[in-house]
Undergrad: 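This is the structure I want to talk about, given as structure tokens.
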Amino acid sequence: MNAALFLELLNGGAVTPEAIWLVLLTIYLTKEARRRGLHRFDWLHLPPSMNLILAIYICDAGVTLRSVTVWYWRRFGGGSADFGPIETGLLTIGGGLIVAGFLCKIRAITAPDHGDGPWITAMLASAIAVVALVLLR
């Protein structure tokens, strides 16, 4: 199978369940926030279960944005050209959400027992990896 077509199918096929998942997470977080009587600034100090769901939401929103961007680029004529400025921007935002989401997942799981050390270490390791990838290119 053509690699470009395979990439299009992979990303296009993933978009539907990803979008449905994000809608369901939005509904869950909204209902849970109402049940708990949370207000705008309470989202900075969520209960552990909601903290993890929000982390998953952030990460998955980035995955969805990345999948939609790659699918759209591939489907509508970009398959043989480089990403344009819009695609590059959307991929950067999606990638940033994915990294932030993973860091939030680490924080949600480890903070109660180990404090902020694990997620800060992961953030620093990620930054070092990015710098190394740029320098060793």
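Keep in mind that this is a model prediction, so the values were computed, not measured. Throughout, numbering of the chain's residues begins at 1 and tracks the sequence.
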Undergrad: To the nearest 0.5 Å, what is the distance between CD (Glu87) and CG (Asp82)?
TA: 10.5 Å
Undergrad: What are the two closest heavy atoms between Lys105 and Ala55, and how far apart are they?
TA: N-CB, 3.4 Å
Undergrad: Sort out for me which residue in Leu90, Leu91, Asn11 forms a side-chain contact (heavy atoms from CB on, under 4.5 Å) with Arg66.
TA: Leu91
Undergrad: Could you check if a side-chain atom of Asn51 sits within less than 4.5 angstrom of a side-chain atom of Arg107, using non-hydrogen atoms only?
TA: yes
Undergrad: Measure the spacing between CD1 of Ile120 and CD1 of Ile106 and express it to the nearest 0.5 Å.
TA: 11.5 Å
Undergrad: A quick test of your reading: do over 12 heavy atoms of other residues, nucleotides or ligands sit less than 6.0 Å from OH of Tyr28?
TA: yes
Undergrad: Measuring from atom CG of Leu52 to atom CD1 of Ile109, what distance do you get when rounded to the nearest 0.5 angstrom?
TA: 4.5 Å
Undergrad: Taking side-chain contact (heavy atoms from CB on, under 4.5 Å) as the definition, give me every residue that meets it alongside Ala127, ordered by chain and number, with sequence neighbours left out.
TA: none
Undergrad: Can Ile56 and Trp21 be said to form a side chain to side chain contact (heavy atoms under 4.5 Å, CB included), step by step?
TA: CA-CA 10 Å; Ile56 292 168; Trp21 172 243; 4.0 Å; yes
Undergrad: At what distance, to the nearest 0.5 angstrom, does CG of Leu22 lie from OG1 of Thr64?
TA: 4.0 Å
Undergrad: Return the minimal non-hydrogen interatomic distance between Gly13 and Pro17, and the atom names on each side.
TA: O-CD, 3.3 Å
Undergrad: I need the Met123 CE to Ile128 CD1 distance, nearest 0.5 Å.
TA: 10.5 Å
Undergrad: Checking Ile58 against Phe102 for the side chain to side chain contact (heavy atoms under 4.5 Å, CB included) test, could you report, in this order, the C-alpha distance in whole Å, the side-chain angles of both residues, the deciding distance, and whether it holds?
TA: CA-CA 8 Å; Ile58 292 167; Phe102 274 114; over 6 Å; no
Undergrad: Using the side chain to side chain donor-acceptor pair (under 3.5 Å) criterion, which residues pair with Trp119? Sequence neighbours excluded.
TA: Asp116
Undergrad: Rounded to the nearest 0.5 Å, how far does CZ of Phe83 lie from OG1 of Thr69?
TA: 8.5 Å
Undergrad: For a side chain to side chain contact (heavy atoms under 4.5 Å, CB included) check, start with the C-alpha distance between Phe6 and Asn2, then their side-chain angles and the critical distance, and finish with the verdict.
TA: CA-CA 6 Å; Phe6 183 66; Asn2 177 327; over 6 Å; no
